[in-house]
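Beneath this line is the structure, given in structure tokens, with notes to follow.
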Amino acid sequence: MQRKEIRSYRELELMNALGEALDREQLRLCYQPIYGASGRLRGFEALLRWDHADYGPVSPAEFVPLAEQSLQIVPIGEWVIHEACRMLHAANNKGLGILIMSVNVSTLQLQSPGFVETVLRILDSTNTPPQCLELEITEGIRIDSRGPIITNLCRLRDAGVRIALDDFGEGHTSFAYLRLLPLHTLKLDRSFIEHLCDSSRDRIMVESLITLIHRLGLEVVAEGIEDSGQLKLLQEWNCDFHQGYLLGMPLEGTGIGPHLLQSQLCASIAAWGCPEKS
Ligand code: C2E
Ligand code: MG
Ligand code: MG
Ligand code: MG
């Protein structure tokens, strides 16, 4: 009982503070690299970080749901897309080549009025080709096939923006999302990857899912790869892209520079046994 009251107090405090977090410049993005099958850098996933004045770092797993409840996720999410596109432009200027920036968006943002126009305006003002932005959607609310979310996603897809389904397999309605959304990419949830080496059931499921996803014409990213045994299996099954602490931790923006091509090389040597031939 007491624990619940304390938790609610913290939640209330965090919700209040979130309203000012943007103005106070307490929010920043980290960027986790995503690699192609031969160790080539595909791009990054932008991950939101909040340093609260009193509480210190607060996890997005805790504050994103609060930002959704207070609708603060709409302005915060817009800032995230803008900041991530700016970083992508900077990365391209630093000689990292044409990369894809993956940005998490809440279904609340997708339903908010003017969302499509906002994204297109950001792409324009940051000189970002639409094909270089991927929006990651996580299962949240029930999606109506004739509702604004599908309409907005189709408009964005038609403009060239990539759409990914995040955390596939974590929730109860993943297959409904897979049927409804205009997707390019599917991200297999970490819970599938975690026990690959010791669960034959998980191995059968992941191998079959990769085949299914490919047959649907989509690309697959495996999330949460932490050891080389998992990577080896995913490689054998032709998983297209790989993400996880084994290959790269989320980096500060200042960590994105030409030396990443070196880490790319190191990652490919360590994980794939040989550097990618270019
Ligand atoms: P996500 O989109 O599924 O992001 C992947 C999460 O897994 C990140 O946690 C990342 O740091 C973590 N991760 C990556 N590789 C590994 C690994 O090998 N092992 C383990 N154990 N974890 C790994 P993070 O940054 O704490 O973010 C948590 C969630 O918060 C995200 O899950 C996403 O749903 C949400 N989130 C983060 N940034 C944003 C944002 O800008 N907007 C919205 N709407 N949600 C966000
Ligand atoms: Mg994500
Ligand atoms: Mg995910
Ligand atoms: Mg997640």
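Computed over heavy atoms, backbone and side chain alike; hydrogens, waters and symmetry mates excluded. First listed ligand is number 1; within each ligand, the first listed atom is number 1.
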Is it true that Arg49 and Glu252 have a side-chain N and a carboxylate O under 4.0 angstrom from each other? no
Say whether, by atom type as modelled, one donor and one acceptor occur between the side chain of Asp227 and the main chain of Gln230 under 3.5 angstrom. yes
Of all the atoms in ligand 1, which lie at a distance below 4.0 Å from a heavy atom belonging to Glu223? 3 (O)
Pairs involving residues 131-173, ordered by first then second residue, that meet ring-ring contact (aromatic ring centres under 6.0 Å, His included) (sequence neighbours left out): Phe168-Phe175
Pair Glu117 + Arg155, salt bridge at N-O below 4.0 Å: yes
Give the atoms of ligand 1, by number and element, whose distance to some non-hydrogen atom of Val80 is under 4.0 Å. 41 (O)
Can you tell me the angle formed at the Mg ion (ligand 2) by OD1 of Asn104 and OE1 of Glu136, to 10°? 90°
Classify the contact between Asp166 and ligand 1 as side chain, backbone, both or neither, using a heavy-atom distance cut-off of under 4.0 Å. side chain
Compute the minimum heavy-atom distance from Gln243 to ligand 1 and say whether it is under 4.0 Å. no
Region of Val64 that comes within reach of ligand 1 [heavy atoms, distance under 4.0 Å]: side chain
For atom 19 (N) of ligand 1, which candidate among Gln109, Met249, Glu226, Glu136 holds the nearest heavy atom? Glu226
Salt bridge check, Glu219 against Arg42: does any charged N sit closer than 4.0 Å to a carboxylate O? yes
N, O or S atom within Glu45 nearest to the Mg ion (ligand 2), by name: OE2
Ion pair check, Arg190 and Glu170, cut-off under 4.0 Å: no
Measuring from non-hydrogen atoms of Glu68 to any atom of ligand 1, is the shortest distance under 4.0 Å? no
If you count the atoms of ligand 1 from 1 in the order shown, which ones are under 4.0 Å from a heavy atom of Gln32? 14 (C), 15 (N)
For ligand 1, is any non-hydrogen atom under 4.0 Å from Arg49's backbone (N, CA, C, O), its side chain (CB onward), both, or neither? side chain
Electrostatic pair Arg121:Glu78 at N-O distance under 4.0 angstrom: yes
Any pair counted as side chain to side chain donor-acceptor pair (under 3.5 Å), so long as it reaches residues 80-89, sequence neighbours left out: Glu83-Arg86
Among Ile225, Asn104, Val105, which one has a heavy atom closest to atom 42 (N) of ligand 1? Asn104
To the Mg ion (ligand 3), the closest N, O or S atom belonging to Asp167 is OD1
Taking the side chain from Asp202 and the backbone from Leu196, do they hold a donor-acceptor pair closer than 3.5 Å? no
Backbone or side-chain N or O of Ser59 under 3.5 Å from ligand 1 N or O: no
Could an N or O of ligand 1 be found under 3.5 Å from any N or O of Leu48, whether backbone or side chain? yes
Atoms of ligand 1 close to Asp167 [distance to a heavy atom under 4.0 angstrom, numbered from 1]: 3 (O)
Quick check: does any side chain N or O of Lys94 sit under 3.5 Å from a backbone N or O of Ile256, one acting as donor and the other as acceptor? yes
Atom indices of ligand 1 within 4.0 angstrom of Pro250 heavy atoms, with elements: 11 (O)
Sidechain-backbone polar pair: Arg203 side chain, Cys197 backbone, donor-acceptor under 3.5 Å: yes
Ignoring hydrogens and geometry, is there a side-chain-to-backbone donor-acceptor pair from Asn152 to Val116 under 3.5 Å? no
Taking backbone and side chain together, does Asp166 place any N/O/S atom at a distance below 2.8 Å from the Mg ion (ligand 3)? yes
Please name the atom of Glu223, limited to N, O or S, that comes nearest to the Mg ion (ligand 3). OE2
